[in-house]
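Worksheet: the structure to be examined is printed underneath.
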Amino acid sequence: MSLKEKVDRTKLPKHVAIIMDGNGRWAKKKGNQRIFGHKNGVKAVREAVEGAGEIGVEYLTLYAFSTENWNRPKQEVDALMSLLVSTLNSESGTLMENNVRLRSIGDIAGLPKNVQQNLSEIIKKTEKNTGLTLILALNYSARWEIINAVQNIVAEAKQGDIELDQINNDYFEKHLNTCGFPDPDLLIRTSGEFRISNFLIWQIAYTELYFTEVLWPDFNRDELYKAIIDYQKRERRFGKTSDQIINS
Ligand code: IPE
Ligand code: IPE
Ligand code: MG
């Protein structure tokens with residue numbers, strides 16, 4: 001029985017998020033430059049997108065570039081930006097064929113103009129697709145997202161549009177970049193690092209976490225299915241007791 005067949009289709013995570021990490025170390029192990037690792041990471045992105053779409057995951061969020069990643073050497077940042085543009089261009093046909101709807105989160109206005117342009121073109125082109133929603137986190141920082149939400153809420157309050165007691169979970173979430181997307185059920189991080197690195201802090205309050213030693217360029221459908229099978233063995237209690245969950 002293949003791993004794909006072992007996935008229980010009645011208990012799928014609706015939303016899977018991935019911190020794609022380990023490209024640099026993968027390249028170094030092979031005696032290559034870090035950018036070689038990023039280039040090979042594109043294959044793994046394709047695997048994750050197709051693998052998720054094939055089993056019926058509805059949302060896949062990929063952490064592709066954090067706001068902190070601007071602190072890398074300029075040469076690497078430039079290479080990552082041009083890889084992003086070339087990948088968006090080369091994959092747009094496949095996204096259409098696979099009925100994938102592309103979206104983004106993060107401070108998009110802070111990205112180079114050509115990246116912004118490419119991204120918005122493909123988001124527009126794929127907007128009517130009804131399969132997997134692929135959300136790219138670009139120039140993303142969870143703290144930035146939260147501060148941005150607070151600024152917008154305070155601006156509304158100053159205009160007299162809201163009362164204090166209207167500010168609840170639902171209201172706050174409407175001001176996040178992820179507005180309209182469900183919270184991730186499963187968060188995967190590759191490369192053996194056990195941290196969140198400023199990703200989706202608000203949204204992962206009750207997300208199941210899965211860490212793997214696999215370096216991102218080696219990630220594939222089977223690695224995704226392994227994570228989902230592991231997720232399916234867990235009991236999500238949301239504060240309740242196990243008995244309450246079993247008897248509900
Ligand atoms: C993840 O791989 C890709 C990005 C952050 C853009 P890294 O480039 O962080 O690879 P390591 O962690 O240095 O191995
Ligand atoms: C997190 O990976 C960001 C992305 C995967 C885009 P990093 O490699 O930048 O994370 P840290 O700096 O090791 O925490
Ligand atoms: Mg890293």
Side-chain angles (χ1 to χ4, degrees), residues 15-49 51-52 59-91 102-112 114-116 118-119 134-147 176-178 181 184 186-204 207 209-220 223-224 227:
H15 184 174
V16 177
I18 310 184
I19 302 175
M20 311 184 288
D21 199 12
N23 295 351
R25 278 163 283 167
W26 184 90
K28 200 170 173 196
K29 261 184 23 188
K30 295 196 151 33
N32 267 298
Q33 303 280 322
R34 295 177 53 82
I35 188 67
F36 180 70
H38 298 314
K39 285 186 179 148
N40 278 277
V42 175
K43 267 198 303 275
V45 170
R46 202 175 298 131
E47 282 279 316
V49 173
Y59 298 86
L60 177 68
T61 299
L62 300 178
Y63 201 7
F65 192 85
S66 75
T67 303
E68 289 75 22
N69 288 146
W70 294 113
N71 295 323
R72 293 189 177 194
K74 184 177 181 316
Q75 197 196 6
E76 180 170 345
V77 171
D78 290 349
L80 278 168
M81 289 301 145
S82 52
L83 185 62
L84 186 59
V85 171
S86 63
T87 307
L88 284 170
N89 283 325
S90 66
E91 298 300 309
L102 185 72
R103 299 291 298 272
S104 66
I105 54 172
D107 187 3
I108 302 303
L111 290 166
N114 64 330
V115 177
Q116 290 186 45
N118 249 269
L119 191 64
L134 171 63
I135 304 155
L136 289 185
L138 294 167
N139 192 15
Y140 179 85
S141 146
R143 286 182 173 175
W144 166 82
E145 183 188 35
I146 291 168
I147 287 176
L176 294 172
N177 277 197
T178 49
F181 307 139
L186 169 65
L187 170 67
I188 300 169
R189 184 172 189 145
T190 58
S191 89
E193 305 293 355
F194 298 95
R195 56 177 175 266
I196 298 302
S197 303
N198 210 356
F199 191 41
L200 302 177
I201 291 174
W202 170 279
Q203 297 86 343
I204 61 170
T207 299
L209 309 179
Y210 178 89
F211 298 96
T212 168
E213 292 291 324
V214 171
L215 300 173
W216 180 251
D218 291 329
F219 195 85
N220 56 24
E223 294 302 329
L224 175 70

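Ligands are counted one by one from 1 in listed order, and the atoms in each one are counted from 1 as well. Values in this document were obtained by computation on a predicted structure and should not be read as measured data.
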Discussion item. I'd like to know if M20 contacts ligand 2, where contact means a heavy-atom distance under 4.0 Å to any ligand atom.
Written reply: yes
Atoms of ligand 2 under 4.0 Å from any heavy atom of F65, numbered from 1 in the order shown, are 6 (C)
Cation-pi check for W26 against K28: NZ or CZ below 6.0 Å from the six-membered ring centre and within 45 degrees of the axis, yes or no?
no
Does a donor on one side chain sit under 3.5 Å from an acceptor on the other, for N198 and S66?
no
Ligand 2 to R195, heavy atom cutoff 4.0 Å, flagged ligand atoms 11 (P), 13 (O), 14 (O)
inquiry  = Looking only at distances, can you tell me whether any N or O atom of Y63, backbone or side chain, sits closer than 3.5 Å to an N or O atom of ligand 2?
reply    = no
Contact region, N69 to ligand 1, non-hydrogen atoms below 4.0 Å, reads side chain
Here the pair of heavy atoms bringing Y63 nearest to M20 is O-CE, 3.3 Å
The atoms of ligand 1 lying under 4.0 Å from a heavy atom of H38, numbered in the order shown, are 3 (C), 8 (O)
ask   = Can you find a side-chain donor-acceptor pair between E76 and H38 that sits under 3.5 Å?
value = yes
Of all heavy-atom pairs linking A52 and L60, the shortest is CB-CD2, 4.3 Å
Would you check whether L80 has a nitrogen or oxygen atom less than 3.5 angstrom from a nitrogen or oxygen atom of ligand 1? no
For the residue pair T67 and R143, confirm or rule out a side-chain donor-acceptor distance under 3.5 Å. no
contact_flag S191 ligand 1 heavy-atom lt 4.0 Å: no
Smallest heavy-atom separation, T207 atom then L187 atom, equals CG2-N, 3.4 Å
Subject >> Close approach, R34 and ligand 1, non-hydrogen under 4.0 angstrom >> reply: yes
Pairwise side-chain contact, L138 with L111, heavy-atom cut-off 4.5 Å (strictly under): yes
Heavy atoms of E68 and Y140 approach each other most closely as OE1-O, 4.5 Å
Atom 6 (C) of ligand 1: closest protein heavy atom, distance to 0.1 Å, is A64 O, 3.4 Å
Quiz item: If you measure only the distance, is there a donor-acceptor pair under 3.5 Å linking the side chains of Q33 and Q75?
Solution: no
How about E193: does one of its N, O or S atoms come closer than 2.8 Å to the Mg ion (ligand 3)?
no
W216 side chain near I18 side chain, heavy-atom distance below 4.5 Å = yes
Ranked by distance from atom 10 (O) of ligand 1, the top protein heavy atom is G24 N, 2.9 Å
Among N, O or S atoms, D21 approaches the Mg ion (ligand 3) most closely through OD1
Among non-hydrogen protein atoms, atom 2 (O) of ligand 2 lies closest to R189 NH2, 3.6 Å
closest protein heavy atom to atom 7 (P) of ligand 2 is R72 NH2, 3.8 Å
Mind checking whether G37 has a heavy atom under 4.0 Å from ligand 1? no
N or O pair under 3.5 Å between S66 and ligand 2:
no
Closest to atom 14 (O) of ligand 1 by heavy-atom distance, out of K28, E68, R25, is R25
